[in-house]
Amino acid sequence: MKIVVLKFGGTSVGSAERIKNVAKIVTSYLKKKFKVIVVSSAMGGETNRLINLSKEISSNFTSSEYDTLVAAGEQISCSLIAGRLNDQGHLSRSWLSWQIPILTTGNYSYSRIESIYKKNIINFLKKGGVPVIAGFQGINSENRVTTLGRGGSDASAIMIAKFFKAEKCVIYTDVDGVYTTDPNVVPKAKKIKKISYEEMLEMASLGAKVMQPNSIQDARLNRIDIEVRSSFKNKAGSLITKRKNISTKNIIRGVSFTKNDAKITLVGVKDRPGVAAKIFEPLFKNSINVDMVVQNISSYKKETDLTFTIKNEDLLKTEKLIKKNKKIIFKKLIIDERVSKVSIVGVGMITTPGVTYRMFNALAKKNINIQVISTSEIKISVLVERKNLKKAVDVLHKEFKLDY
Ligand code: ASP
Ligand code: MG
C-alpha cells in the first residue's frame, strides 16, 4: 500500500471554504493512487478559544479536564472534512484518538504518542476509505484524553506516518515552505528546497515558526521525510529529510533570529567552583530556560561577571529568583531587554573552516557589536542590540550567498 499522510493546520481548515479545498487536495492524491490518511488540527483560533474558556472557569483548571476540553476543536474539523469527502462521493470517516486508539505517555498537555492500534484504519484504507484522524490528542493508560502540546497535530502526523509506514508525510500550512530567513525581514529570502532535520530543529527553535520542534525530533528519530507546503497555493514546498539526501554546497542553510530575549548580567560574582551552579539551580527548578551564557575569566580580584540570556516572559520571575537567592553574592544586576539573537545554521560548517570569522567580520563591517556568542556543531549565534537586528540578518544573509 502506497500511503501518504496529509496533515492540515488550523488556517488550512479555518473555514468551510478552506475545508472544501482540503477535500480537493485529498482527491488529487487519490487520483495518483495513494491511500490517504488525513490528520487535522482544529479550525484556526478554536484551541485558543477553548483555552480562554477554561481560564474563565478556573485559574487552576484540572489538567485532565483541560486536555479533554482543548482536544475538542479537532473533532469539529475532522467531521467537517470527512463530511465534505462524503459529499464529493468518497468513502471517509472521522476518527478520534480514543476510537483508534492512539496511546500516549507522559503528563497531560505534554503527552507523547507511544503506540497506535492499526487494524481498523488499515481495513478502512483497504476498502478505499479516507480516515480523517484528529491530531493533537491521544488517550493515556487511564483511558483519559491527553494532548501533545501546542502545535501537537504535527507530532500526530509524524507518528501516524511512522506507524503506518507512510511513503510521505505532507504538512499543509499557511506558509509555502521553509525560508532561508523570515521573508518579512529580508525580502531576498529564498525557499529552501531541502533541509536536514538537524538544521530544521535549529531553525525552528530559533524562531522559524514552521513546525513544532518536538515533532521534527520525532521525524528525525524515525527517518520520516516531511514536505511542508501551503494549502493556499499549488507550489512545491520544502523537504525536511536526512543529511545524506542533501548537498552541502551551501555552507549555511539559513539565518534565524529571535526578538524575545533578555540579557542578565551579574557583576562582581565570586569566582569559585559551584557559583554558576548556585545561580542556575533555582532557574532550572522553576523551568526557566537559560540560553546563552558567558563568563569572563577572573581578574586578580577573584571576581567575575556572568551574563546569560532568557526569554523575555521569564524576566520578572528570574529577577526575583536571583534577588532572593541567599547562596550567591554579587555587586550589581544589569538587565537589558533590547537584545536579539541572530544565528547562522548549516551542516556545511562542520567541514568548512572560517565560517566564524566570516560571520564576525561581516558584522564588524556594519559596525554591529557582538555581545554574547554561543555555538553548536551546526550553528553560530550572536547576541546583538535589537535595533541592529535587521541589519545583522541582512548582512549575514548576503555574506553566505543566500540572497536570490
Ligand atoms: N489545535 C492545536 C493547537 O492549536 C494543535 C495544532 O494546531 O497542531 O495547538
Ligand atoms: Mg495549529
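One is the number of the first residue; the rest follow in order along the sequence. Counting starts at 1 for both ligands and their atoms, in listed order.
- Taking 4.5 Å as the limit, some side-chain heavy atom of V38 sits within range of a side-chain heavy atom of V36.
- Between W95 and F124, the ring planes lie perpendicular to each other; the angle is over 60°, past the 30° to 60° tilted range.
- On a distance-only criterion, G151 and ligand 1 share at least one N/O pair closer than 3.5 Å.
- Listed for the S15 side chain is a donor-acceptor partner under 3.5 Å among the backbone atoms of R18.
- By the criterion of a heavy-atom distance under 4.0 Å, the side chain of S41, and not its backbone, is placed next to ligand 1.
- Interface atoms of ligand 1 facing E74, defined by a heavy-atom separation under 4.0 Å, are 1 (N), 2 (C), 5 (C).
- When only interatomic distances are considered, the shortest N/O to N/O separation between R150 and ligand 1 falls below 3.5 Å.
- Residue pairs satisfying the salt bridge (Lys or Arg N to Asp or Glu O under 4.0 Å) criterion with at least one member in residues 20-32, sequence neighbours excluded, are listed as follows: E17-K20.
- Ligand 1 has no N or O atom lying under 3.5 Å from any N or O atom of D154, backbone or side chain.
- Among residues at least two apart or in separate chains, ring pair (Phe, Tyr, Trp, His ring centres under 6.0 Å) pairs with a member in residues 305-350 are F280-F308.
- Within the 4.0 Å heavy-atom shell around ligand 1 one does not find G73.
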